[in-house]
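Have a look at the structure below, then the notes.
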Amino acid sequence: QVPLTESGGGLVQAGDSLRLSCTAPGRSLTTVSMGWFRQAPGKEREFVAAINWSGYNTYYADSVKGRFTISRDNNKNTMYLTMDRLKPEDTAVYYCANSPDGNSIAAIVQAPPRNLNWGQGTQVTVSA
């Protein structure tokens, strides 16, 4: 499959906001569930947030609940991660992923990583 493409990362200060975007040029994402993951230096990749195909259902890791918002615009074939009140511990490479054929939250949260389609990642760095 065509890989996903993330954008929107950068260097910000603690307390700032960023919005990440994820799309797949030439491939429709409108019927599958999607999610965001991150990997900090020296740590394993961890789940951040997931959204079902319609955008009606979302699910978050406890560490970002109340600060991050996952959303999607199926008319633009794009998923977003709006990150508010950023902390230095949010520093990581952020990856988006989609289920190849699942449309529920579970298709992201419960799937082995090898079963998802991934982007190349975008760096988010939060300075204290």
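Bear in mind that the values here come from a model prediction, so they are computed numbers and not experimental data. The analysis underlying the following values was restricted to heavy atoms, covering all of them including side chains, and did not include hydrogens, waters or symmetry mates.
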Between R38 and the options E89, E44, E46, the salt bridge (charged side-chain N to carboxylate O under 4.0 Å, His left out) test singles out E46
Rounded to the nearest 0.5 Å, the OG atom of S63 sits from the NZ atom of K87 at a distance of 8.5 Å
Worksheet entry | Whether Q39 side chain and A92 backbone form a donor-acceptor pair below 3.5 Å | no
Check step by step if side-chain contact (heavy atoms from CB on, under 4.5 Å) holds for T58 and F68. CA-CA 11 Å; T58 58; F68 290 11; over 6 Å; no
- So, does T91 use its side chain to make a donor-acceptor pair with the main chain of T125 at under 3.5 Å? no
| task | Give a yes or no on whether Y59 atom OH has more than 12 heavy-atom contacts from other residues, nucleotides or ligands under 6.0 Å away. | result | no
Ring geometry between W118 and Y95 (parallel below 30°, tilted from 30 to 60°, perpendicular above 60°) | perpendicular
Closest non-hydrogen atoms of A50 and V109, given as atom of the first, atom of the second and distance, are CB-CG2, 4.1 Å
Note: A107 and G102 closest approach over all heavy atoms is CB-CA, 3.8 Å
Margin query: Between L4 and R27, does the side-chain contact (heavy atoms from CB on, under 4.5 Å) criterion hold? Intermediate values first, please.
Written below: CA-CA 9 Å; L4 300 171; R27 178 165 64 90; 3.4 Å; yes
The single option from V64, I51, T82 that satisfies side-chain contact (heavy atoms from CB on, under 4.5 Å) with I70 is I51
Quick one: do I105 and W36 end up in the same hydrophobic cluster if we chain Ile, Leu, Val, Met, Phe, Trp and Tyr together by side-chain heavy atoms under 4.5 Å apart? no
Review point. Taking C-beta and beyond as the side chain, do M83 and V48 meet within less than 4.5 Å on heavy atoms?
Key: no
ask   = Can you check whether C96's main-chain N or O pairs, donor with acceptor, with E6's side chain at less than 3.5 Å?
value = yes
For G55, is there any backbone N or O sitting under 3.5 Å from a side-chain donor or acceptor partner on R72? no
Hey, any chance F47 and L116 share a hydrophobic cluster, counting ILVMFWY side chains that come within less than 4.5 Å of each other, even indirectly? yes
Does any part of the side chain of N103, heavy atoms only, come nearer than 4.5 Å to the side chain of T31, both counted from C-beta?
no
Mind checking whether M34 and L81 sit in one hydrophobic cluster, side chains of I, L, V, M, F, W, Y counted as touching below 4.5 Å?
-> yes
Original post:
Are V93 and F37 connected in a single hydrophobic cluster, I mean Ile/Leu/Val/Met/Phe/Trp/Tyr linked by side-chain heavy atoms less than 4.5 Å apart?
Top reply: yes
Please tabulate, for side-chain N and O atoms in residues 16-23, each donor-acceptor pair with protein atoms closer than 3.5 Å (sequence neighbours left out).
| unit_1 | atom_1 | unit_2 | atom_2 | d |
| --- | --- | --- | --- | --- |
| D16 | OD2 | Q13 | N | 3.1 |
| S17 | OG | D84 | OD1 | 2.8 |
| T23 | OG1 | N77 | O | 2.8 |

Residues at least two apart in sequence or cross-chain that pass salt bridge (charged side-chain N to carboxylate O under 4.0 Å, His left out) with K65, listed by chain then number, are D62
| message | Measuring only between side-chain heavy atoms, which start at C-beta, is W53 closer than 4.5 Å to S99? | response | no
Between I108 and A97, the two heavy atoms sitting closest are CD1-O, 4.1 Å
* Report yes if the side chains of M79 and L29 come closer than 4.5 Å at any heavy-atom pair, otherwise no. => no
